[in-house]
Amino acid sequence: MSGRERVEIDGRVLTLSNPTKVLYPATDDRAEITKAQVVDYYRAVAATLLPHLRNRLLTLRRYPEGVESAGFFQKDSGGRLPSWVHTVSVPHRHQSGSVRHVVCEDESTLVYLANLASLELHIRLCPADRPGYPDRFVVDLDPPPGHDPRELRPLVRRVSERFEEVGLTPYVQTTGGKGFHVVAPLVPDCPVDEVLASAREMARRLAEEDRRFTVEQRRDRRNGRVLLDVNRNGHAQTVIAPYSTRARPGAPVATPIQPRELARARPDAYHLGNVARRLASKGDPWAEMDRHAVSAARLHARLS
DNA sequence: GCCTTCT
DNA sequence: AGAAGGCAACGCCGC
DNA sequence: GCGGCG
């Protein structure tokens, strides 16, 4: 396993440690993936990804020993970082003290994080400069074990339609796991607890109207139904960033899709080996998202 | 992966 | 000097 | 109050 390699990005010299280390072992249909390949992936999608990371507190999920090892979450960047890595400290809600989060504003930081084996980039729903006021609204569709992924498509459409009925513009991404996220941009003018209450109300109504959905968090009460998980709208919660790799065999990637692609979409269709090509030919379906932000306060009023 | 602390 | 340990968090609900 | 769940 070979030593170190220097790269220059944004006029900064970074040292990559163990670039040939295998982070994703080979699977039946995909070759092994090294850290250098993860770095190359993030460089290839940087222009698309960086706008989605700008001004967002990051939580890293790191796997220095590869995806077969346990890995760990990291919110507090703790020790020394290069001076050019942006961080924002936020106080704990209940305990004293604060957490110093990385905020990724440029390609060099993205590569720095990839070198730390950050195989999942999770983001908060509040802008870093507007803590406590979400500018994203998310519903996570989480199917039960053994669920046919094709049956999820009409359900994603149903949630998207409900978004439109309450004035939100829905944006869909595959999670790289088993489900989809339906996301909408908000004007951050409403406290997080009220946005969470709105999300719960929306999910509750959907589950009441359509028996294929549930809001039961206990597995043994879901009874084969698809969980509408809205808890991620709460304080200090996070969602997987678009275009983040996932720490699962085969290196799937959370990937935004067009509504029309739902007819054929699968939650694990995109991976480190095919996303750059997809972006080159189709562009980013979420590129214009921020233009469609609607007042979170108005959403809350409408759902009460 | 890297830093901090224990031995 | 080397080994060991750490690295998130919130709200729900059943018990 | 603790632990599973996401």
**Asked** Starting at CZ of A:Arg62 and ending at C1' of B:dC2, how long is that distance when rounded to a whole Å?
**Response** 7 Å
**Request:** Report the C-alpha separation of A:Thr238 and A:Ile123 in whole Å, then their side-chain angles, then the decisive distance to 0.1 Å, and conclude whether the side chain to side chain contact (heavy atoms under 4.5 Å, CB included) test is met.
**Result:** CA-CA 5 Å; A:Thr238 64; A:Ile123 53 180; over 6 Å; no
**Asked** In whole angstroms, how far is the P atom of B:dG1 from the CZ atom of A:Phe72?
**Response** 10 Å
**Prompt:** Looking at the rings of A:Phe163 and A:Phe137, which for Trp means the six-membered one, are their centres under 6.0 Å apart?
**Reply:** yes
**Request:** Would you mind reporting whether A:Lys282 and A:Glu261 have side-chain heavy atoms less than 4.5 Å apart?
**Result:** yes
**Message:** Check this for me: does any side-chain nitrogen of one of A:Glu65 and A:Lys21 sit under 4.0 Å from a carboxylate oxygen of the other?
**Reply:** yes
**Atom P, compared across C:dC7 and D:dG6: separation rounded to whole Å** = 24 Å
**Request:** Using whole Å, report how far CD of A:Glu65 lies from C1' of B:dC2.
**Result:** 12 Å
**Minimum-distance nucleotide to A:Gln74 side chain [options: D:dG6, B:dC2, C:dC7]** = C:dC7
**Fill in**
In whole angstroms, the gap separating C1' of B:dG1 from CG of A:Leu16 amounts to 13 Å
**Asked** If you draw a 6.0 Å radius around CZ in A:Arg54, do more than 12 non-hydrogen atoms from other residues or ligands fall strictly inside?
**Response** no
**Message:** Nearest whole Å is fine: how far is C:dC7 P from A:Leu119 CG?
**Reply:** 20 Å
**Verify same cluster id: A:Val139, A:Leu196 (apolar side-chain graph, 4.5 Å)** = no
**Request:** Determine the interatomic distance between P on C:dA8 and the same-named atom on B:dT5; round to the nearest Å.
**Result:** 15 Å
**Asked** Can you tell which of D:dG6, B:dG1, B:dT4 lies closest to the side chain of A:Arg80?
**Response** B:dT4
**Request:** Determine: side-chain N/O of A:Arg222 to OP1/OP2 of D:dC5, distance under 4.0 Å, yes or no.
**Result:** no
**Request:** Identify whether the distance between the nearest side-chain nitrogen and carboxylate oxygen of A:Arg130 and A:Asp135 falls below 4.0 Å.
**Result:** no
**Message:** Is the phosphate of B:dG1 approached by A:Asn18 (side-chain N or O, under 4.0 Å from OP1 or OP2)?
**Reply:** yes
**Request:** Please report, rounded to the nearest Å, how far the P atom of C:dA8 is from the CZ atom of A:Arg100.
**Result:** 13 Å
**Asked** In a check of side-chain contact (heavy atoms from CB on, under 4.5 Å) between A:Leu168 and each of A:Met202, A:Arg162, A:His292, which one passes?
**Response** A:Met202
**Fill in**
Per-nucleotide protein contact along nucleotides 9-15 of chain C, 5' to 3', at a 4.0 Å heavy-atom cut-off (B base, S sugar-phosphate only, - neither), is SBSBSS-
**Message:** Given A:Leu23, which partner from the list A:Leu119, A:Thr245, A:Ile33, A:Thr34 fulfils the side-chain contact (heavy atoms from CB on, under 4.5 Å) test?
**Reply:** A:Leu119
**Bracket string, DNA chain C, 5' to 3' - pairs by Watson-Crick or G-U geometry under 3.5 Å, | interstrand** = |||||||..|||.||
**Asked** What integer distance in Å separates A:Arg219:CZ from D:dG3:C1'?
**Response** 14 Å
**Prompt:** What is the distance, rounded to the nearest whole Å, between atom CZ of A:Phe73 and atom C1' of C:dG5?
**Reply:** 19 Å
